[in-house]
Amino acid sequence: MRVRRWWGTGAVVAAGVCGTLVAQGVFGGFGGDGSGDGRPGAVTHDVRSAALKVSGGGGSAALAPRDTDVFSMLGVTWEKPSAKVAGTVEVRTRAVGSGRWSDWLSLDGDTGAGENGAARGGTEPAWVGPSDGVEVRVGGKSGARLPEGLRVDMIGGSGKGSGSGSGGDLEPAAFVADGDSSDEPSAPETESESPSTSAAPGVTDGTTIEPSPSDSESESATGEPSGSTSPTSSSSPSDSPAPSESTPATVSPSPSASAPTAPPSTVPQPPITPRSGWNADEGLSPEEPSYTPDGKIKAVVLHHTAQSNEYTCAEAPSIINSIYTYDVKTLGWKDLGYNFVVDKCGTVYEGRKGGVDLPVVGAHAYGFNSQTTGIAVLGTYTDSVPSQAAMTSVARLAAWKLGQYGIAPDSTVTLTTALDGQNLAGKSWGPGEEMRLPAIHGHRDGYNTLCPGDAYYAALGTVRELAAGPVTGLALTSVTGTTAIGSTPYTSGPVTVNWSATTSAALISEFQVLVDGKTAATAKGSATSAKVTLGSGKHQVQIRAVHQSGRTATSTAVAVVADTTAPTFTTKPNLALRTGTVSATAVPLTLNWKAADTTALKEVRLTAPAKTYGPTVTTAQHTAKPGAATVWSMKAYDMVGNTATASVTGTPVILQETSAKRTGTWTSKSSTSYLGGKSLTSKTKNASLTWTFTGRSVAWVVSRASTSGQAYVYVDGKKVTTVDLKSSTTSYRNAIWTKTWSSAAKHTVKIVVVGTSKRPTITTDGFVYLK
C-alpha cells in the first residue's frame, strides 16, 4: 500500500484494488493545531470512503458487509454531478457495541441540488448513529447503467472541538476492509485505475482523492449550473456532461459578492442558532456566499434530510456538521446546501453562511436555487409528519423570509427555470420556462425526488396555514366569575374570559377580548385568559386572535349578563314576640323579613346568630335576652353576588305581675318556677290586672295546669280574645297569648278572670313587651 499527500492539505489516501479504501483528511485544518480559521470550538469530521463493486454489466453494484471504525452518517456518491441513479440505493449499518444490523435504509436517489462546481453527485446523506459496520446495494432499472465511480462515503468526527458536547461527535475513524480475499483480492501498487471502479474527479489512479472542494468549485452568481442536463434522462448518466463543466474550476475562492441590504419583514424573526451553534469549521468553506441576482427570495422549498428520526436534539448540531462535511468534502459544494435546518425540537439553525436575513443562494433545489430559500427538517418523514414544534418553527421561518419580500405564505408564485428538469409528478420543463408553484412547496414539486417525504408533503397545507394564518381552532372556552342562571352566565363584577387555540402561541401576535364588537382587553399570544369588567346589561363576548401575519380569527360569541343591581328588602326585618317558654335569659320571638331581586335572589344571611336562609324563607324563630337591646343584622345576596343589608333592634322587657293595676282578690305565690320567684293567682270572677306600656309587641306569661281556668283579654279597652289556661301538663312561664302592631305605640292590656265553672283559677307570671 502506498501513501500519497495531496497538495500538503493533510489528505491521506490508502489505496488497493477493487474496494479501494479512501481516508479523506480535513481540509482547512483540524485537531486544534492552530490551522484553519483558528476559531475555538469548530468541529471537523473525517470522511472514509469505499468503492462499490459493479456487476451485471454496470446495472448493479454492492459493497459486501464489512467492519469499519466508527461513523454516524453516510451517503453513496458517484463521479459526475449530472448523473442520476435510475434505481434504488440501499444501505444498512451495524450499531456500535450491539453486533446487530439495521434494516435496509433506502437513500433518496440524488441530492438534486445542482451546485455549480460540484465535484460529485450523490444521494442525500443519512444519519445512522454510531456504527461500525456497513453494507450497500444499488439496483438499477432494467436497461439502465449506473453512474461511474460509485462509492459509499462515511462521516466520522475528529478535529477541533470534537467531543466538546456538540452532540454525538465521533472519534477519527479509518475504514477497515473485511479481508475477504475472494471478494476483494489484493493487488500490487499501480498507477492505473482499478478496472472495477472509477476514481474520484481529479484523481489519476486509485491511490488519490479529489482535491479540496474549495479548490475545485466555482459558482455563478445565480448558483445554478450553466449546463442543462435532464434529471430523468434514460441514457447512461456518464454520457452526459456535468452541469458545471462549462465553468472552469479555480483553486482560489470567488471574489466577495456584493451583499444586498436586508429588508425588514412583515412578521417577527424566529430565534435562529448561528453556525457557531453547531460548531461549523469555517475554514472548510472559505468562499464568499452568493446572493440572488435580484436580491429577492420568491419561494421557500421544504426538505427532509432522509435519515433516522431516533436522534436526540442534543445530537442535532453534530448531524448538521456531518451534513456540512458531506456536502463540502464529498460532493464538492461550496458550503452546506440548505439555508436553514430545523430539528425535531423546533430549534432553527443557520445553514449556508451569508446572513440569515439575506437572500443567500443555497444548493438545495436544482434549477431554482437562485430564487428560493431551503429549509430542511432533520429526519425522514415518509410515514409520519415532523413534530408540531418543528412544523411551527418551519412555518415561522418561512413566513419571516417571505415577509421580507412581501409574499404571502399561502400564495402562488412564478419561478423561472434555470435548467431543464422534471418533478416527481412527471411534469417536465426546459430552461427559461415559467412555473407556478406555491410560495411554500416541497422539494418534489421542482425535482424528481421523494423529498420531503410523503407524510410531510401531505402536511404542507398545514405549514402554509400556520405561516399565513389566521389562527386556527380558536374557541372561547369559559367565562369565570359568573353564575349560570338557566343557560346564561350572569356576573356582578370583573370576569375572566378563557380561550384556547390550536395554532402555536409563537405564531400569534395577540388576543383581544371583544365586548359587543369592541376591544375591551388585549393579551399576549401566549395567554389563555384575560380579565374584563362589563357594564350593566346583556353583552356579547368574543375572542379575536391576531396572527403574526395580521390576519384575524374571531370566536363564536357568548352572551353574558352584567347585573349590578342589588337585592332589596321589600319587608324590612322586624321582631314579634311569640308563644313559648320565657326565662330570665331568653324571650321567644320571631324575626320576619322579605327580600327580592330583579334577576334571582340567592339567600339571606343573619349575622348573629349566624344563619343562612333560602330565597323563599321570610321568617325565623329566635330568642333574645330580656332587658338588653339586640341588633338583628341581615344581608341579602342575589345569584351574582350583589348584596343588600338591613337590620332591626329590639329589647324584650319583662313586667312583673306586681306592676299591674289590680281589681278583685289576688293572692301572691312564691316558687323558683315563677319569673322573679313570684306570681299572682285569682279565682274571683271579674278580678283584673292592667298593664300600660309603649312597644310594638306584647306577650302574657302564665302558669298552666289541668285545673286552670279562662281569662278575657282586653287591648286598649276592647275585648280581643278569651284565653283558656287549662293544660294536661303543668308548665310555668308560658307565653300563652301575643299581639304585635306595625309600629311601637302606647297600649293598655287588661286581663279579666272569667270564673270558669269547677276551674276558675288563673295564675299570671308576668308580662313581656318589645320596645
Side-chain angles (χ1 to χ4, degrees), residues 75 77-86 89 107-125 147 217-233 237 240-247 290 292-293 297-306 323 326-327 330-339 351-352 360-376 413 415-435 437-438 441-452 457:
T77 65
W78 47 88
E79 282 187 8
K80 292 187 177 181
S82 61
K84 308 295 179 290
V85 173
V89 180
L107 302 184
D108 213 354
D110 58 83
T111 59
E115 176 91 305
N116 196 19
R120 294 179 68 81
T123 66
E124 293 283 4
E217 177 193 21
S218 175
E219 185 172 323
S220 67
T222 66
E224 308 292 358
S226 56
S228 57
T229 301
S230 170
T232 58
S233 172
S240 302
S244 59
E245 287 182 354
S246 61
T247 304
S290 299
T292 60
I297 293 295
K298 298 177 181 177
V300 172
V301 183
L302 303 187
H303 305 260
H304 68 170
T305 57
I323 297 173
Y326 182 83
D327 286 354
T330 301
L331 300 181
W333 297 354
K334 67 186 294 181
D335 196 350
L336 182 70
Y338 306 119
N339 297 96
R352 179 162 290 211
V360 178
V361 174
H364 61 95
Y366 182 84
F368 300 100
N369 286 325
S370 62
Q371 303 163 83
T372 62
T373 283
I375 304 173
V413 297
L415 301 181
T416 302
T417 64
L419 300 165
D420 57 354
Q422 185 182 66
N423 64 16
L424 185 65
K427 177 179 175 58
S428 299
W429 55 85
E433 290 188 29
E434 289 189 343
M435 290 185 61
L437 288 170
H441 62 268
H443 188 192
R444 65 175 62 183
D445 289 322
Y447 192 75
N448 190 10
T449 175
L450 297 175
C451 183
Y457 187 78

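Excluded from the calculations below are hydrogen atoms, water molecules and symmetry mates; all remaining heavy atoms, backbone and side chain alike, are included.
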If you define the side chain from C-beta out and look only at heavy atoms, does anything of [X] sit under 4.5 Å from [Y]?
{"X": "Y338", "Y": "T305", "value": "yes"}
{"X": "Q422", "Y": "K427", "value": "no"}
{"X": "L419", "Y": "F368", "value": "no"}
{"X": "H441", "Y": "N423", "value": "no"}
{"X": "S428", "Y": "D420", "value": "no"}
{"X": "T123", "Y": "Y326", "value": "yes"}
{"X": "H364", "Y": "N369", "value": "yes"}

Look only at the side chain of [X] and the backbone of [Y], and say whether a donor-acceptor pair between them is shorter than 3.5 Å.
{"X": "W429", "Y": "M435", "answer": "no"}
{"X": "T416", "Y": "E433", "answer": "no"}
{"X": "N339", "Y": "G374", "answer": "yes"}
{"X": "D327", "Y": "W333", "answer": "no"}

What heavy-atom pair brings [X] and [Y] nearest, and what distance separates the two atoms?
{"X": "P438", "Y": "A299", "result": "O-CB, 4.3 Å"}
{"X": "R120", "Y": "T330", "result": "CD-O, 3.4 Å"}
{"X": "C451", "Y": "L302", "result": "SG-O, 4.4 Å"}
{"X": "G442", "Y": "P452", "result": "CA-CD, 4.0 Å"}
{"X": "A83", "Y": "P147", "result": "CB-CB, 3.9 Å"}
{"X": "A418", "Y": "P431", "result": "O-CB, 3.9 Å"}

Enumerate the residue pairs fulfilling salt bridge (Lys or Arg N to Asp or Glu O under 4.0 Å) with a member in residues 441-451, sequence neighbours excluded, ordered by first and then second residue.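 Found R444-D454.
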Checking Y457 against L424 for the side-chain contact (heavy atoms from CB on, under 4.5 Å) test, could you report, in this order, the C-alpha distance in whole Å, the side-chain angles of both residues, the deciding distance, and whether it holds? CA-CA 12 Å; Y457 187 78; L424 185 65; over 6 Å; no
Applying side-chain contact (heavy atoms from CB on, under 4.5 Å), run through H443 and H304 and close with a yes or a no. CA-CA 9 Å; H443 188 192; H304 68 170; over 6 Å; no
Is it the case that the side chains of D108 and T449 hold a donor-acceptor pair, with the cut-off being a distance below 3.5 Å and no angle test?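 T449 vs D108: donor-acceptor pair found between side chains.
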